[in-house]
S.K.: 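This structure is in structure tokens; I'll ask about it shortly.
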Number of protein chains: 2
Amino acid sequence: MNIRTLCLAILHESDATGYEIKKLSVEGKYRYFAEASFGSIYPTLARLEQEGLVTLREETQPGKPSRKIYSITDAGRRALVEALSEPPTPDVFRSGFLLVALCAELLDRATIAAAVEGRITHLREEIGHLEELLRSTNDPTTHWAAAYGIACMTKSHEYLADHRHEIEALARDDGVVETSPPAATFRVAAT
Amino acid sequence: MNIRTLCLAILHESDATGYEIKKLSVEGKYRYFAEASFGSIYPTLARLEQEGLVTLREETQPGKPSRKIYSITDAGRRALVEALSEPPTPDVFRSGFLLVALCAELLDRATIAAAVEGRITHLREEIGHLEELLRSTNDPTTHWAAAYGIACMTKSHEYLADHRHEIEALARDDGVVETSPPAATFRVAAT
DNA sequence: TAGGCCATGTAACCGGTTACATGATTAG
DNA sequence: CTAATCATGTAACCGGTTACATGGCCTA
């Protein structure tokens, strides 16, 4: 998914500034399509305007930088439909965590546990966001997409919680020494 | 995940040529980390060799182009561990399908149904590949990763199959005209 | 008063893809 | 006889990120 289509899709839902589009594509409900930065959004918006796919009105607000509010045009809506009509590129899943898991024998248990922990936290946050989205929207398509995401991520979270001990047990085992309590036992008795 | 780490991870498992690495990263079990092309793999391998992280032996086989078989070195293994030890970048999920779903009101039912169909087929294939991988490997980390993938994708598949009618029902409804047969009925009678 | 938020934009850079170049072998 | 597979590599290109430039307002 390129920035172009992303911008059109967002503007199809409602008018927005470049700044708002960036927020939506990083934190908002459009973050599953392409992660855009200012350096890509602003030039894209400018090109879209040249091509007549969007229009803009400038709003000068006293004491604040003026904002350019973009709106999609009919031509833009047509271009969006065209882009969405060709078979979507297969969904992409790229996991840094999974590579850590695959190389578990190379790493110590703490590193793996940290990676698992990070992934679990991330999933929990993501599910939280989607549940919030579900509560706050009336749009049926958003509702459907959010529910789908929640179902998948909940399963992922559940599986990880249930099976994390297995992958953690496969760590490079040179930390075994730590399982047998050191002199501490005696020290406790001594204090 | 960059091509560099990907190459090291693959070579950590076994020696390979650039050609083989490409296959593994596109079709094989390493396809969830980075999709690499020849244009990125060959230069990466050359650089890795210069840096002493891998070594290569050349094998001239009669009637076939000679192959350069790469092996990871101790330094390479250390570099890999280092790369894997820093907290993994959060998993990325990018869905062309989900954007189609979000924009369902813009599209006709057939387009959405095709997108759903494509996604279901893709999930089924993916699950099939992972099940095959599960059967054919003894490596416990591969086993764990494959089982995790199967669990997530099965849930995704199941949810889609159960709820596809909902999103398909949200399509732009101007295709209804097509349900009433056109003049063709008369033409058939005339012939 | 430091840092974060709003708001827009440019320029350098970079990781990666696409297309090209080459060529023998084998399967359909 | 064509297409795919094996096998390596280069050069042009491109989409996108990072860093830079600017600046006022608001909150901790």
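The sequence lines fix the lettering, A, B, ..., with proteins before strands; numbering per chain opens at 1.
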S.K.: Identify whether any heavy atom of B:G18 sits under 4.0 Å from a base atom; if not, whether one sits that close to sugar-phosphate; answer base, sugar-phosphate or nothing.
M.R.: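 If one applies the 4.0 Å heavy-atom cut-off, B:G18 turns out to touch the sugar-phosphate alone, with no base involved.
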S.K.: Sub-3.5 Å donor-acceptor pair from the side chain of B:S40 to the main-chain atoms of B:A36, do we have one?
M.R.: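 Judged by distance alone, no pair lies under 3.5 Å.
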S.K.: Who pairs with B:E126 by side chain to side chain donor-acceptor pair (under 3.5 Å), at least two apart in sequence or on another chain?
M.R.: B:R31, B:Y32
S.K.: So, is B:S40 near the phosphate of C:dG15, with a side-chain N or O under 4.0 Å from OP1 or OP2?
M.R.: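 Result: no.
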S.K.: What nucleotide, of C:dT17, C:dA7, D:dA7, holds the atom closest to the side chain of B:Y19?
M.R.: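 From the listed options, D:dA7 comes nearest.
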S.K.: What is the separation between atom CZ on A:R47 and atom P on D:dC14, rounded to the nearest whole Å?
M.R.: 11 Å
S.K.: Within this structure, what is the CZ-to-C1' distance between A:R4 and D:dC14, rounded to whole angstrom?
M.R.: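 It works out to 15 Å between those atoms.
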S.K.: What's the OH-C1' distance between A:Y42 and D:dG15, to the nearest Å?
M.R.: 19 Å
S.K.: Going by an N to O cut-off under 4.0 Å, is there a salt bridge joining A:R67 and A:E20?
M.R.: yes
S.K.: With rounding to the nearest 0.5 angstrom, report the CG to OG1 distance, B:L133 to B:T142.
M.R.: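 One gets 6.0 Å once the value is rounded to the nearest 0.5 Å.
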S.K.: Indicate, with yes or no, if the rings of A:Y148 and B:Y159 have centres closer together than 6.0 Å.
M.R.: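 So the answer is yes for these two rings.
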S.K.: Whole angstroms only, please: what is the CD-P distance between B:E59 and D:dC6?
M.R.: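 So the CD-P distance, B:E59 to D:dC6, works out to 15 Å.
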S.K.: From the set C:dG9, C:dT10, D:dT17, return the single nucleotide nearest to any side-chain atom of A:Y70.
M.R.: C:dG9
S.K.: In whole Å, what is the span from the NZ atom of A:K22 to the P atom of D:dG16?
M.R.: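 Going from NZ in A:K22 over to P in D:dG16 covers 15 Å.
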S.K.: Quickly work out the A:E49 CD to C:dG9 P distance and round it to whole Å.
M.R.: 10 Å
S.K.: Does B:S66 make a side-chain N or O approach to OP1 or OP2 of D:dA7 shorter than 4.0 Å?
M.R.: no
S.K.: Ignoring the backbone of A:R67, work out which of D:dG9, C:dG9, C:dT8 is nearest its side chain.
M.R.: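 The listed nucleotide nearest to A:R67's side chain is C:dT8.
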S.K.: What's the CZ-P distance between A:F38 and D:dG23, to the nearest Å?
M.R.: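 For the pair A:F38 CZ and D:dG23 P, the rounded distance is 18 Å.
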S.K.: What's the closest nucleotide to the B:I3 side chain, out of C:dG16, C:dT17, D:dG16?
M.R.: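 When the side chain of B:I3 is considered, C:dG16 is the closest of C:dG16, C:dT17, D:dG16.
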S.K.: Determine: side-chain N/O of B:K23 to OP1/OP2 of D:dC6, distance under 4.0 Å, yes or no.
M.R.: yes
S.K.: What integer distance in Å separates A:E58:CD from C:dT8:P?
M.R.: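 Distance check: A:E58 CD to C:dT8 P gives 9 Å.
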